[in-house]
Amino acid sequence: MRLEQRLRDPSKWVCGLCGQLASDFGWSVFWLRLVWVVMTLLMPLWGVVLYFVGGMVYPKIRS
């Protein structure tokens with residue numbers, strides 16, 4: 001259960017964005033993370049850049 005709590009913690013940069021998006025839009029956290037992994041494997045630079053930019057911008061838009 002500790003790993004699941006860490007993965008859903010919105011204050012974490014690495015896992016928090018997927019958890020926030022999934023809870024706000026009612027999406028599956030697993031499928032959202034799978035899409036991020038595939039996108040990052042296909043386009044590594046864009047995957048990483050979009051994830052960290054999203055992690056900085058989305059909480060500001062959300063509040």
Side-chain angles (χ1 to χ4, degrees):
M1 193 68 146
R2 182 179 164 102
L3 177 63
E4 181 180 347
Q5 290 173 348
R6 179 176 170 81
L7 293 177
R8 291 181 182 267
D9 186 5
S11 64
K12 302 288 184 195
W13 268 40
V14 175
C15 301
L17 179 61
C18 285
Q20 286 178 356
L21 286 172
S23 66
D24 288 348
F25 294 108
W27 297 338
S28 168
V29 176
F30 171 77
W31 288 110
L32 187 60
R33 287 198 181 118
L34 185 64
V35 168
W36 276 110
V37 167
V38 170
M39 184 179 77
T40 303
L41 289 175
L42 294 176
M43 301 176 292
L45 180 64
W46 281 107
V48 172
V49 168
L50 287 176
Y51 191 84
F52 284 109
V53 168
M56 290 184 291
V57 173
Y58 185 69
K60 293 180 188 209
I61 293 172
R62 186 178 183 211
S63 61

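When hydrophobic clusters are built by joining Ile, Leu, Val, Met, Phe, Trp and Tyr residues whose side-chain heavy atoms come closer than 4.5 Å, directly or via intermediates, W36 is grouped together with W46. The same ILVMFWY cluster, assembled from side-chain heavy atoms under 4.5 Å apart, contains both V57 and L45. Residues L41 and V48 do not share a hydrophobic cluster, clusters being chains of Ile/Leu/Val/Met/Phe/Trp/Tyr side chains in contact below 4.5 Å. Linking Ile, Leu, Val, Met, Phe, Trp and Tyr residues whenever their side-chain heavy atoms come within less than 4.5 Å places M43 and L32 in a single cluster.
Side-chain atoms of Y58 and D24, non-hydrogen and from C-beta on, do get closer than 4.5 Å to each other. L50 is listed as a side-chain neighbour of M39, based on a closest heavy-atom distance under 4.5 Å. Contact check for Y51 versus T40: no side-chain heavy atoms found under the 4.5 Å cut-off.
The two residues L21 and W27 make their nearest non-hydrogen contact at O-CE3, 4.2 Å. Here the closest non-hydrogen pair linking G54 and P59 is O-CD, 3.8 Å.
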